[in-house]
Amino acid sequence: MEKFIINGGKKINGCISVSGAKNAILPILASTLLIKERCVIKNVPKLSDVYTMVDLLKYYGADVEFSDELIIDCSKIENKPPSEKVKEIRASFLIVGALLGRFKSVSMFMPGGCNIGQRPIDLHLKGFNLLGAKSQLESGIIDISTQYLSSGDIYLDFPSVGATENIILASVFAKGVTTIRNCAIEPEIVDMVNFLNKAGAKIKGVGSDTIIIEGVEELKGVEHSVIADRIEAGTFMIATASAGGFLKVENIIPEHIKSIILKLREMEVEIEEGEDFVIVKSSGKTINKDIKTMPYPGFPTDMQAQFSALMAKGCGTGVINETVFENRFMHIGELNKMGANISVEGKVAIIKGVEKLDGAIVKATDLRAGAALIISALSAQGQTEIENIFYIDRGYDCIEKKLSSVGCDIRRVNI
Ligand code: UD1
């Protein structure tokens, strides 16, 4: 077990290069299960979720080398009963779409709820069923199978990221043309589809609310570089807005973080945009504004906790309305331990900015909640200890090294 010890009050100064996107590499890894040739993937973040997914691919028989780049050969994979490892990350459920596409049958543990909400899979199953597959649930294991996958016309009742990706994966080899309507348009889905199209898939409309997939017979090996992680970029931008200072955030796609840039500007943070970077300048004093989370291009739910931390010490009152997940305010209790004045009523948090936060012993309750605690700790007076940092390692590649390099006082220690 490890924890972070952070001494707050240091201004940020320097430049951070952002890693590849967690939410793009995970579906791309699932996609490789459809390909019987060697794939080379670059800009892969070194995250515990990525290692878990790689272990799962190896379980099915993939040959994997992971150093600077990730080389995967899924030519010899076999369909198997589910591994207990799938329970470690929800994104492992994307393996279902890929195995269904490749073998026309799959057996998988049902993903449970998690700290941020129930997270049902009804939309994934509705999609598979409309492609002709039948599903059966027994003792927590779901079996899905079909003789062949046929084309389908599928309407998603909510633009779910995971359901959109899973249905695309299942329909790449389906006979005929499949349409997914009201689908999610997150940049990470576009990256997965770019990967699949390079491999020979015929997927059109990605990035719009209607995706059309023309089934193909097979895919070939490809080389691909993962897009930058917009949530990691946003986290460093907010850390600077909160602690004060100057930060160049490099190796990013500014278009993907427009809602974050514009919200920070509303809060009186100075931001300059370049082709593949942003520069953030802040005195550490910001003005609280209201936020409503929404599917992309709306304000990302994955940035909600970090903005809560910024607003905890902003001027005035701001209201955050979390519309995507039903239980994503677990970090609020921890921020209040540091002196924040935040109340939660259902899916709404009312944040009354305070003059200062104080260091405390706090616990990460999920990945982005952990990032929020780091942001608060960096601008708080005194020392903060953050426990349960394994959550943070799921989605941030070397976060303490990156923050130390720009003047933050953050150390990882064994408990
Ligand atoms: C993905 C991201 C996660 C992000 C989320 C929303 C990955 C690996 N994870 O998660 O970081 O927070 O998108 O941007 O990419 N829902 C249903 N039925 C379903 C599926 C989803 O009701 O069958 C609901 C969920 O409970 C949730 C909402 O839809 O309330 C959004 O979920 P979804 O977009 O599916 O998120 P994930 O793909 O799990």
Side-chain angles (χ1 to χ4, degrees), residues 11-28 40-47 50 68-70 161 184-198 203 205-208 222-283 286 294-300 302-303 306-307 310 371 375 395-399 401-403 405-408:
K11 295 267 184 228
I12 289 180
N13 187 12
C15 175
I16 289 181
S17 179
V18 166
S19 301
K22 167 177 99 67
N23 289 352
I25 182 63
L26 295 175
I28 286 173
V40 179
I41 309 170
K42 299 180 176 179
N43 201 30
V44 179
K46 302 255 176 11
L47 305 171
V50 172
D68 277 352
E69 49 191 30
L70 187 55
V161 173
I185 60 170
E186 268 68 0
E188 294 77 16
I189 303 173
V190 178
D191 203 33
M192 180 192 88
V193 166
N194 286 343
F195 173 83
L196 286 166
N197 279 346
K198 271 191 219 166
I203 307 168
V206 66
S208 80
V222 275
E223 198 173 301
H224 184 79
S225 184
V226 177
I227 55 164
D229 196 310
R230 63 195 165 103
I231 305 302
E232 189 196 6
T235 301
F236 292 132
M237 291 166 74
I238 294 171
T240 311
S242 175
F246 167 100
L247 185 69
K248 185 174 185 193
V249 185
E250 280 188 333
N251 184 29
I252 62 164
I253 304 166
E255 185 60 29
H256 291 171
I257 53 169
K258 275 287 178 189
S259 61
I260 300 167
I261 293 172
L262 296 175
K263 189 54 75 175
L264 283 172
R265 283 193 185 134
E266 278 178 41
M267 296 169 94
E268 299 197 352
V269 179
E270 209 184 310
I271 301 181
E272 185 189 321
E273 282 175 68
E275 206 173 301
D276 65 351
F277 66 86
V278 290
I279 292 172
V280 184
K281 289 180 200 158
S282 170
S283 63
T286 51
M294 286 194 216
Y296 189 84
F299 189 90
D302 285 352
M303 290 304 304
Q306 300 89 317
F307 266 86
L310 174 64
I375 289 165
Y396 292 92
D397 184 352
C398 298
I399 193 164
K401 288 193 187 123
K402 289 184 180 182
L403 287 171
S405 75
V406 294
C408 301

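Keep in mind the model is a prediction, meaning the values are calculated, not measured.
For the side-chain contact (heavy atoms from CB on, under 4.5 Å) criterion with V278, the lone passing option out of L264, I260, I252, L247 is I252.
Legend: side-chain hydrogen bond (donor to acceptor under 3.5 Å, both in side chains) pairs involving residues 243-258, not counting sequence neighbours, sorted by first then second residue: K258-E273.
Residues I253 and P187 are not in side-chain contact: their nearest non-hydrogen atoms beyond the backbone lie 4.5 Å or more apart. Annotation: side chain of K263 is not in contact with side chain of M303 (no heavy-atom distance under 4.5 Å). Two residues are said to be in side-chain contact when any heavy atoms from C-beta on lie closer than 4.5 Å; M267 and F307 meet this criterion.
Residue N194 holds its CG atom at 12.0 Å from CD1 of I189, rounded to the nearest 0.5 Å. Atom CG of L70 is separated from atom NZ of K46 by 9.0 Å, given to the nearest 0.5 angstrom. Taken to the nearest 0.5 Å, the OH atom of Y296 stands 7.5 Å off from the OG atom of S259. Between I279 atom CD1 and T240 atom OG1 the span is 11.5 Å, to the nearest 0.5 Å. Put simply, OG on S282 and CD1 on I238 are 11.5 Å apart, with the number rounded to the nearest 0.5 Å. Atom NE2 of H224 sits about 8.0 Å away from atom CD1 of I25, to the nearest 0.5 Å.
N197 contributes a side-chain N or O that, together with a main-chain N or O of I203, makes up a donor-acceptor pair within less than 3.5 Å. Side-chain N or O atoms of D302 include none that pairs as donor or acceptor with a backbone N or O of I231 at under 3.5 Å. For the pair E186 (side chain) and V161 (backbone), a donor-acceptor distance under 3.5 Å is absent. Between the side chain of K198 and the backbone N or O of E223 there is at least one donor-acceptor pair closer than 3.5 Å. Of the possible polar contacts, one joining the D229 side chain to the K22 backbone as a donor-acceptor pair under 3.5 Å is found. The backbone N or O of V226 sits less than 3.5 Å from a side-chain atom of N43, completing a donor-acceptor pair.
When every heavy atom of C408 is checked against every heavy atom of I12, the shortest pair comes out as SG-CG1, 3.7 Å. Scanning both residues, L47 and D397, for their nearest heavy atoms gives CD2-N, 3.4 Å.
The residues R230 and E188 are annotated as salt-bridged, a charged nitrogen and a carboxylate oxygen being separated by less than 4.0 angstrom.
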